[in-house]
Amino acid sequence: REEQRRLQQVEQARREQEERERQERQRQEEQERQEQEERERQEHEAQEELARRQREEQARKHQQEEKARQAREEQRLQQAEQARLEREEQARIEQEEQARQERQQQEEQEHRQREELARQER
């Protein structure tokens, strides 16, 4: 009977030891699982942050390109307007010059006609 009781105690101790080891393994597995989840969560956050920064950079670049395009268009329009004004001014100057020459020719012709009349009257 003493032997029986001692064997039961040994068996009980062995079962308790196994249970403690099982619980310790479970605790470690749970800890590893949580650490893995945390690493994955951080990795995911880092990826999202990177993607966000890239989107912002793209948007900023797009905005700069659009501003540059608008500036070029504005400059093109200003140059076209400047050229139009210069052509108009040139045309006005040529027209005035032509009118002046026509008046001068008219005056010279009238002067000759008066001289001719005066000569004939003499």
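All values below were derived from every heavy atom in this structure, side-chain atoms included, with hydrogens, water molecules and symmetry-related copies excluded. Numbering starts at 1 and runs along the sequence shown.
Shown are Gln42, Gln36, Glu40, Gln34; of these, the side-chain contact (heavy atoms from CB on, under 4.5 Å) with Glu38 is made only by Gln42. Of the residues listed (Arg114, Arg112, Gln120), the one engaging Glu116 in a side chain to side chain donor-acceptor pair (under 3.5 Å) is Gln120, and it is the only one.
Side chains of Glu66 and Arg69 form a contact here, defined as non-hydrogen atoms less than 4.5 Å apart. Within the 4.5 Å cutoff, side-chain heavy atoms of Arg5 are placed close to those of Gln9. For the pair Arg87 and Gln90, the minimum side-chain heavy-atom distance is 4.5 Å or more.
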### Task
List the steps and the verdict of side-chain hydrogen bond (donor to acceptor under 3.5 Å, both in side chains) for Gln47 and Glu43.
CA-CA 6 Å; Gln47 290 288 347; Glu43 175 65 22; 3.1 Å; yes
### Task
Any chance you could lay out the side-chain hydrogen bond (donor to acceptor under 3.5 Å, both in side chains) test for Gln101 and Glu97, step after step, and finish with the verdict?
CA-CA 6 Å; Gln101 286 177 1; Glu97 178 60 22; 3.1 Å; yes
### Task
Please report the C-alpha distance between Gln105 and Gln109 in whole Å, then the side-chain angles of each, then the deciding distance to 0.1 Å, and finally whether the side-chain contact (heavy atoms from CB on, under 4.5 Å) criterion is met.
CA-CA 6 Å; Gln105 286 171 356; Gln109 194 175 356; 6.0 Å; no
### Task
Take Glu45 and Arg41, measure what salt bridge (charged side-chain N to carboxylate O under 4.0 Å, His left out) needs, and give me the verdict at the end.
CA-CA 6 Å; Glu45 272 180 15; Arg41 188 188 63 75; 2.5 Å; yes
### Message
Evaluate Arg14 against Glu18 for salt bridge (charged side-chain N to carboxylate O under 4.0 Å, His left out), listing each step before the verdict.
### Response
CA-CA 6 Å; Arg14 189 184 60 74; Glu18 279 179 0; 2.6 Å; yes
### Query
Given the rule in the side-chain contact (heavy atoms from CB on, under 4.5 Å) test, do Arg53 and Glu49 qualify, once you have shown the distances and angles that lead to the verdict?
CA-CA 6 Å; Arg53 284 201 200 136; Glu49 176 64 14; 3.3 Å; yes
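A salt bridge does not link Arg20 with Glu24: every distance from a Lys NZ or Arg NE/NH1/NH2 to an Asp or Glu carboxylate oxygen is 4.0 Å or more. Between Arg84 and Glu88 there is a salt bridge, since at least one side-chain N of the basic residue sits less than 4.0 Å from a carboxylate O of the acidic one. By the 4.0 Å N-to-carboxylate-O rule, Arg52 lies close enough to Glu56 to be salt-bridged with it. Salt-bridge annotation for Glu30 and Arg33: present, with a side-chain N of the basic residue lying under 4.0 Å from a carboxylate O of the acidic one. The pair Arg15-Glu11 meets the salt-bridge criterion, since a charged nitrogen lies less than 4.0 angstrom from a carboxylate oxygen.
Crowding of Gln95 atom CD: a count of heavy atoms from other residues, nucleotides or ligands under 6.0 Å not exceeding 12. Under a cut-off of 6.0 angstrom, the local environment of CD in Glu108 is crowded, with over 12 non-hydrogen atoms contributed by other residues, nucleotides or ligands.
If you take CD on Glu86 and CD on Glu81, they are separated by 10.5 Å, rounding to the nearest 0.5 Å. A distance of 7.0 Å separates CD in Glu29 from CD in Gln26, rounded to the nearest 0.5 Å.
Judged purely by distance below 3.5 Å, without hydrogens or angles, the side chains of Gln58 and His62 never pair a donor atom with an acceptor atom. With 3.5 Å as the limit, one finds no donor-acceptor pair spanning the side chains of Gln23 and Arg27. Defined by atom type and a distance below 3.5 Å, a donor-acceptor pair is present between the side-chain atoms of Glu16 and Gln12. Between the side chains of Glu115 and His111, at least one donor N or O sits under 3.5 Å from an acceptor N or O.
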